[in-house]
Amino acid sequence: MIIAVDGPTASGKGTIAKALAAHYGLPHLDTGLLYRAVGRQVQLAGGDPDHADDALAATDFAETLLADPELRSEATGGLASRVSVHPAVRAALLERQRAFAGQPGGAVLDGRDIGSVIVPEAQVKLFVTASVEARAERRFREMQSAGRAVTLEEIAADITRRDARDAGRDAAPLIAVADAHVLDTSTMSPQEAISAAIAVVEDCRPQA
Ligand code: C5P
């Protein structure tokens, strides 16, 4: 069974994807991490994330970069969002994601274009979303406990900027495809969101 989990930043899609993978014993790929690695690599190489050639060259990043804690920062998230607009970057990362999805037994992948471009044939498609306020609040709490000095306003502005770039780009924009199940987690606890996602999968999964 292939489960595609798409949605904007801080919607809860990562938590849900991880929990679904554990629940169903499937491997999980956080595809945002690949774009984050490209963004970080451009920075390390002194390139320009808005320049398609620099961004494409960075898709050749070393596997060890995936363990870099800096990949999780807001700054790297912003770089990822900038490199991900280039169609050549998306094309370079496509096969790796498709190969992961094609493993025997299936997989869970989370990102922005999993149900629309990477595996349109996925048996289950979830589009996880939440209000900007709820997402900013969550990210703020995460940042505070990580000891990072940011304000709620800065985070909300960054989320709004990133949403606009991800949804407005020409190449694989963030959209809920017609056959996706939309899950709005604004007022849900992580456990409630996970239970709701499992209920959707149970409804969709091929009966044995
Ligand atoms: O999900 P995460 O916040 O880690 O993703 C970082 C950025 O990578 C997103 O803002 C988006 O621009 C890009 N991305 C993408 N397609 C994916 C996953 C992430 O364009 N499948």
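When a ligand or atom number is given, it counts from 1 through the structure's own listing order. All values reported here derive from a predicted model rather than from experimental measurement. All residue numbers refer to positions in the sequence shown, counting from 1.
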Undergrad: As an exercise, identify every atom of ligand 1 less than 4.0 angstrom from a heavy atom of Arg36.
TA: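 Numbered from 1, ligand 1 contributes 2 (P), 3 (O), 4 (O), 6 (C).
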Undergrad: Show which atoms of ligand 1 fall inside a sub-4.0 Å distance from at least one heavy-atom site of Ala80.
TA: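 So the atoms of ligand 1 that pass are 6 (C), 7 (C), 8 (O).
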Undergrad: Please determine whether a side-chain nitrogen of the Lys or Arg among Glu142 and Arg148 lies less than 4.0 Å from a carboxylate oxygen of the Asp or Glu.
TA: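 Answer for the salt bridge query: no.
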Undergrad: Mark up the atoms of ligand 1 that fall under 4.0 Å of a heavy atom belonging to Thr9, in ascending order.
TA: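 Atoms satisfying the 4.0 Å criterion: 3 (O).
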Undergrad: Keeping the roles fixed (side chain from Ser186, backbone from Ser131), state whether a donor-acceptor pair exists under 3.5 Å.
TA: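 Side chain of Ser186 to backbone of Ser131, a donor-acceptor pair under 3.5 Å: yes, one is there.
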Undergrad: Do Asp6 and Lys125 meet the salt-bridge criterion of a basic N to acidic O distance under 4.0 Å?
TA: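 The answer is no: the pair does not qualify as a salt bridge.
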Undergrad: Could you say whether the N/O atoms of Arg169 and ligand 1 ever approach to under 3.5 Å?
TA: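 Yes, since at least one N or O of Arg169 sits under 3.5 Å from an N or O of ligand 1.
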Undergrad: Kindly determine whether Asp158 and Arg135 satisfy salt bridge (Lys or Arg N to Asp or Glu O under 4.0 Å), including the steps that lead there.
TA: CA-CA 11 Å; Asp158 186 57; Arg135 291 188 283 135; over 6 Å; no
Undergrad: So, 4.0 Å and heavy atoms of Arg165: is ligand 1 close enough to count as a contact?
TA: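 Outside the 4.0 Å threshold, so no.
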Undergrad: Give me the nearest non-hydrogen protein atom to atom 1 (O) of ligand 1 as residue plus atom name, then the distance to 0.1 Å.
TA: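 In this structure, atom 1 (O) of ligand 1 has Arg112 NH1, 2.9 Å as its nearest protein heavy atom.
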Undergrad: Can you measure from NE2 (His86) to CG (Asp170) and round to the nearest 0.5 angstrom?
TA: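 Going from NE2 on His86 over to CG on Asp170, the span is 12.5 Å.
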Undergrad: Students should be able to answer this: which protein heavy-atom is nearest to atom 18 (C) of ligand 1, and at what distance?
TA: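 Checked against all protein heavy atoms, atom 18 (C) of ligand 1 sits closest to Thr31 OG1, 3.5 Å.
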Undergrad: Please assess Glu70 against Arg36 for the test salt bridge (Lys or Arg N to Asp or Glu O under 4.0 Å), listing each intermediate value before the final yes or no.
TA: CA-CA 9 Å; Glu70 187 49 35; Arg36 284 170 181 263; over 6 Å; no
Undergrad: Can Arg90 and Asp113 be counted as an ion pair, charged N to O under 4.0 angstrom?
TA: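 Looking at Arg90 and Asp113, the cut-off is met.
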Undergrad: How close does the nearest protein non-hydrogen atom get to atom 8 (O) of ligand 1, and which residue and atom is it?
TA: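 For atom 8 (O) of ligand 1, the nearest protein heavy atom comes out as Tyr35 CB, 3.5 Å.
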Undergrad: Would you call Glu63-Arg96 a salt bridge at under 4.0 Å N-O?
TA: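 Judged by the 4.0 Å cut-off on N to carboxylate O distance, Glu63 and Arg96 do form a salt bridge.
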Undergrad: Using 0.5 Å steps for rounding, measure from the CZ atom of Phe127 to the CG atom of Asp184.
TA: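 Between Phe127 CZ and Asp184 CG, I get 10.5 Å after rounding to 0.5 Å.
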Undergrad: Which is it for Ser84 and ligand 1 at heavy atoms under 4.0 Å: side chain, backbone, both or neither?
TA: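 The answer is the side chain of Ser84.
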Undergrad: For ligand 1, which atoms have a heavy atom of Arg90 less than 4.0 angstrom away?
TA: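 Near Arg90, the atoms of ligand 1 are 15 (C), 16 (N), 20 (O).
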Undergrad: Heavy-atom contacts under 4.0 Å between Arg162 and ligand 1: side chain, backbone, both, or neither?
TA: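 Under 4.0 Å from ligand 1, Arg162 contributes side-chain atoms alone.
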Undergrad: Which of the numbered atoms in ligand 1 are below 4.0 angstrom from a heavy atom of Asp166?
TA: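 Reading through ligand 1 atom by atom, the close ones are 9 (C), 10 (O), 11 (C), 12 (O).
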Undergrad: For ligand 1, is Lys13 a contact, meaning one of its heavy atoms is under 4.0 Å away?
TA: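 So Lys13 counts as touching ligand 1.
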